[in-house]
Student: 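First the structure, which I've put down as structure tokens, then a few questions once you've had a look.
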Amino acid sequence: MNYSFREIEKKWQNIWEKEKTYETKDLFSPKYYVLDMFPYPSGAGLHVGHFKGYVATDIVARVARMQGFNVLHPMGWDAFGLPAENYAIKTGIHPEITTKKNIDNIRNQMKITGLSYDWSREINTTDPNYYKWTQWIFLRLLEKGLAYKKLLPINWCPSCKTGLANEEVIDGKCERCGTETTKKDIEQWVLKITDYAEKLLEDLDSLDWPDKIKEMQKNWIGKSEGWEIDFKINDINVPVFTTRADTLFGCTYLVLAPEHSLISKLKVENKDEVNKYIEKARNKSERERISEIKDKTGIELKGIKAINPVNQKQIPVFIADYVLGHYGTGAVMAVPAHDERDFEFAKKYNLEIIFVIDSVKDKAFVEDGILFNSGEFDGLKSFEARENIGEFLKGRKKINYKLRDWIFSRQRYWGEPIPVIICEKCGIVPDNNLPVKLPYVEKYEPTGTGESPLATIDSWVNVDCPKCGGKAKRETNTMPQWAGSSWYYLRFIDPNNNNEFAEKEKENFFMPVDLYVGGAEHAVLHLLYARFWHKFLYDLGFVSTKEPFFKLRNIGLVLASDGQKMSKSKGNVVSPDEIIEKYGADTLRMYEMFMGPFEQAIVWNEQGVKGVHKFLNRLWDFVIKNKDEELDELLVEVNKLNKKVSESVEKMKFNTSIAFFMEFLNYAGDKKASKNTLKMLLLLMFPFAPHICSELWEIIGCGNIMVEKWPEYDKRLITEEKVEIIIQVDGKLRDKVEVDIDSTEETVKSLVLQREIIKKWTENKEVSKVLFVPNKLMNIILKK
RNA sequence: GCCGAGGUGGCGGAAUUGGCAGACGCGUAUGCCUUAGAAGCAUAUAUCCUUAGGAUGUGAGGGUUCAACUCCCUCCCUCGGCACCA
């Protein structure tokens, strides 16, 4: 029969809420901190994909509690961001109102799913009591010179009308809205994440994270070691950065980035042409640049020559936009023989190509090798030559990173105000009177001029300088969406503290996060930013660990039944509410875990949901049928189940855990189970399906399951006395035989050779060899 | 182009210190139940050979081994990321 999940689930959720079952109370050890990436409270609510991660961490949290851990498992809202603001522009409804409504809805979705969050620790990044500390961290960065203001050509989204960080530009498009970005010169707040490049790279090794994410961060940071070597143009030193100092004798021209400061100082014969090229390069969008990778353009500086320092040869000088102004020195020594880009360029402009390592036809040879054509350095290996040539030319050893500083200001309303006052006399003055609250405005529309809508509120903008008392103006830019999420995991530890972001003792106790679960899309955004802030706070002595998240796991997407990503605009979203209404929260939870490995993307299939629901109904019937049973035919089996489930949960292979439960019930059939067996079964399943297990636990007369421990299996019970041995002839399965455990080769062999099936296969043939793997297999090899 | 993950029935997937490939679920088929349907229950379900029984089979090809989904080499494809970083 169908168990009445609606009633049962409501009943237990009320009990948990009333008894504050999931509140983390003390500093007792051992602790376990399980964290989900907190969501943006979208108006559409969350879909079943979000809950795949939440259910997984909920199971981990529940198992850990049963194992005696003091579990911290909180939830909050990353609530600043564009959708609420865009909605406000359209409707005039303040983002605060929409946000609150959305949060109430999503919190309810989480509660009806039976997630065991400690709601007393709920946080919201848009709450002034929260962003006070976001601003406080910003002021510390400012104090230490890690936040600075600079006029920069930055990525600009014409649709969102705001600047973007490099990490937010995907394929030349805005990460949020998909509009092509352009370049714009605006004065920006920038955070010096590059100061932490080395530490961010190094400490990756200490983390239990998916290789994929580590690799992505490594590539994003992009470390390369080389030499800075001075070339000369008219007695001016022009440093270039190279990782291939060993190829210097093959350098046949020099290339400057269009932005290079030297260009304006040179007397170039074809000045007009050159300026035209520079102007064109400036206006190229990201996308144009990318599409032109295969077709390099450039222009020679006529009348200018550079001197190659290694052989005093005169070489031509070019400007080309394949050389980037912001990396290295903005100038490169071109070695067409040993660099693909230089090779292409040289072919196009008919420049000299001199091989000095090894030559191949029609393309550059980019590997290391042994030098020739290189004067006194002939015969050296590449790695030796790099050092020798670098030192010979008095070059400087240099490490460069691809990572660039973090563009931190946004020209929008719905974000944390940057707590800074700009005074005509004193310049940039920190406003220590935190929180600097976001004022109400009438119009949310971004101005598009590079100023945020805050700039129009005179009463807010015009203030007295805290330093000199003179006239001053507030900074009107706001922080990016990533600010609040860069440290939120610290606030959960002590969410109501008004004096510090978290009490030192508590921070020291709960950090680091033991398990962090979320989508892989944040690999070089949130996960990099949070590590940066954390390391900064560590250096200042405010936190006690070098890294915030010890173990990270990514959830795979849940795709809609059409194989596409779930999205409101495609109308293919499945909400947890409808599944819970139809089948119950326990079914939703079990199905999300049963779908497949949880790090993998899998298509949603409601037939599968029904299958899981059927299983829960069968579980119900099985327990009810046996609740007063004294006989037990399943004690051994349930102990085996205990072992298998414990092991699979440990590895977070929840899909197989559930298969084991199903196997058990299939095997059980009409066999009898006593209370001990039922209890073990229910305890094992409780983290997966807490409502039905709580109810059945009560029905079999055991009280409240919440206080119970994770069960231990009895090793003696599950030790087999007989084992099945696989018998192969010439490596092919022919027979099986049951023998006592640890039977010797001789025993098994004599048994096997008597068997009719085996006799048939070995008839008239000579046995050349018999292989035996104890308790597993015997392979009889015949002579050919 | 570079980096990473992966390729197993009709579908989602299981099994890797090398040892019964396809657990579990979905779907499908047949039967029971039902006035009928739905639900439920039972049985079957990798492919090929008419069957007993056998052969083949984990992207393709090769190799190591008594034994390969698992290890090695070459290649193909899918997904994700990066994108002229000298």
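Note: hydrogens, waters and symmetry copies are ignored here, and every other heavy atom, side chains too, is used. Computed from a prediction, not measured in an experiment: that's the story for all the values here.
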Student: Taking CE from A:M685 and C1' from B:C24, how many angstroms apart are they, rounded to a whole number?
Tutor: 14 Å

Student: Got a donor-acceptor pair under 3.5 Å from the side chain of A:Q728 to the base of B:G19?
Tutor: yes

Student: Can you tell which of B:A14, B:C66, B:A86 lies closest to the side chain of A:T656?
Tutor: B:A14

Student: As a test of reading the structure: which of B:C3, B:G25, B:G80 is closest to the side chain of A:N219, going by heavy atoms?
Tutor: B:C3

Student: Hey, does A:N605 reach any base, or is it just sugar-phosphate, or nothing, if we go heavy atoms under 4.0 Å?
Tutor: sugar-phosphate

Student: What residue pairs, at least two apart or across chains, pass ring-ring contact (aromatic ring centres under 6.0 Å, His included) with a residue in residues 642-665 of chain A?
Tutor: A:F661-A:F688

Student: Cation over ring, A:K223 on A:Y401, under 6.0 Å and within 45°?
Tutor: no

Student: Closest to the A:L324 side chain: B:G19, B:A14, B:A86?
Tutor: B:A86

Student: When all nucleic acid strands are considered with a 4.0 Å heavy-atom cut-off, which category describes A:V323: base, sugar-phosphate, or nothing?
Tutor: base

Student: For A:K214, report the nucleic acid contact type (base, sugar-phosphate, nothing); a contact means any heavy atom under 4.0 Å.
Tutor: nothing

Student: So, A:K644 and A:E663, do they make that salt bridge, N to O below 4.0 Å?
Tutor: yes

Student: Quick check for you: among B:G12, B:A5, B:G25, whose closest atom lies nearest to any side-chain atom of A:I602?
Tutor: B:G12

Student: Report which part of the nucleic acid A:N655 touches: base, sugar-phosphate, or nothing (heavy-atom distance under 4.0 Å, all strands).
Tutor: sugar-phosphate

Student: Is the shortest side-chain N to carboxylate O distance from A:E647 to A:K653 below 4.0 Å?
Tutor: no

Student: Compute the ring centroids of A:H338 and A:F343, then answer whether they are less than 6.0 Å apart.
Tutor: no

Student: Give one of base, sugar-phosphate or nothing for A:I781, where a contact means two heavy atoms less than 4.0 Å apart.
Tutor: sugar-phosphate

Student: A:K296 has a side chain; which of B:G4, B:C84, B:A86 sits nearest to it?
Tutor: B:C84

Student: Which nucleotide, B:C26, B:C66, B:A23, lies nearest any side-chain atom of A:E663?
Tutor: B:A23

Student: Determine, using ring centers only, whether A:Y529 and A:W406 are less than 6.0 Å apart.
Tutor: yes

Student: Which nucleotide sits closest to the side chain of A:D321: B:A23, B:C84, B:G25?
Tutor: B:C84

Student: Whole Å only: how far is the NZ atom of A:K565 from the P atom of B:G80?
Tutor: 8 Å

Student: Heavy atoms under 4.0 Å, any strand shown: does A:K736 hit a base, just sugar-phosphate, or nothing?
Tutor: base

Student: Which nucleotide sits closest to the side chain of A:M662: B:G25, B:C66, B:C26?
Tutor: B:G25

Student: Contact class for A:N400 (heavy atom, under 4.0 Å): base, sugar-phosphate, or nothing?
Tutor: nothing

Student: Reckon A:G328 touches a base, only the sugar-phosphate, or nothing at all at heavy-atom distances under 4.0 Å?
Tutor: nothing

Student: By the 4.0 Å heavy-atom rule, please label A:P597 as base, sugar-phosphate, or nothing.
Tutor: sugar-phosphate

Student: Nearest to the side chain of A:D339, heavy atoms from C-beta on, is which of B:A86, B:G54, B:C84?
Tutor: B:A86

Student: Is the A:F355-A:F365 ring centre distance short of 6.0 angstrom?
Tutor: no

Student: Give a yes or no on whether the ring-centroid distance for A:Y349 and A:Y253 is below 6.0 angstrom.
Tutor: no

Student: Within the structure shown, what part of the strands sits under 4.0 Å from A:W227 by heavy-atom distance: base, sugar-phosphate, or nothing?
Tutor: nothing

Student: Taking the minimum atom-to-atom distance to the side chain of A:K614, which one of B:G81, B:C24, B:C26 wins?
Tutor: B:C26

Student: Just to be sure I understand the geometry, which residues of residues 636-646 of chain A put a non-hydrogen atom under 4.0 Å away from RNA chain B?
Tutor: none

Student: Counting any heavy atom closer than 4.0 Å, what does A:Q600 reach on the DNA or RNA strands: base, sugar-phosphate only, or nothing?
Tutor: sugar-phosphate

Student: Is a donor-acceptor pair below 3.5 Å formed from side chain A:K218 to base B:C3, judging by atom type as modelled?
Tutor: no

Student: Can A:R396 and A:D230 be counted as an ion pair, charged N to O under 4.0 angstrom?
Tutor: yes

Student: Treat a base pair as Watson-Crick or G-U wobble with both distances under 3.5 Å, then lay out RNA chain B in dot-bracket form, 5' to 3', with | for cross-strand pairs.
Tutor: (((((((..(((......[....)))((((((.......))))))((((...))))..(((((..]....))))))))))))....

Student: Using a 4.0 Å heavy-atom cut-off, does A:R734 contact any base of the nucleic acid, only the sugar-phosphate backbone, or nothing at all?
Tutor: sugar-phosphate

Student: Could you give me the CA-CA distance, side-chain angles and deciding distance for A:Y591 and A:W604, then say whether ring pair (Phe, Tyr, Trp, His ring centres under 6.0 Å) is met?
Tutor: CA-CA 10 Å; A:Y591 176 66; A:W604 183 265; 4.8 Å; yes

Student: Can you tell me how far P in B:C20 sits from the matching atom in B:U58, rounded to whole Å?
Tutor: 15 Å

Student: Any base atoms under 4.0 Å from A:K402, or only sugar-phosphate, or nothing? Heavy atoms, all strands.
Tutor: base

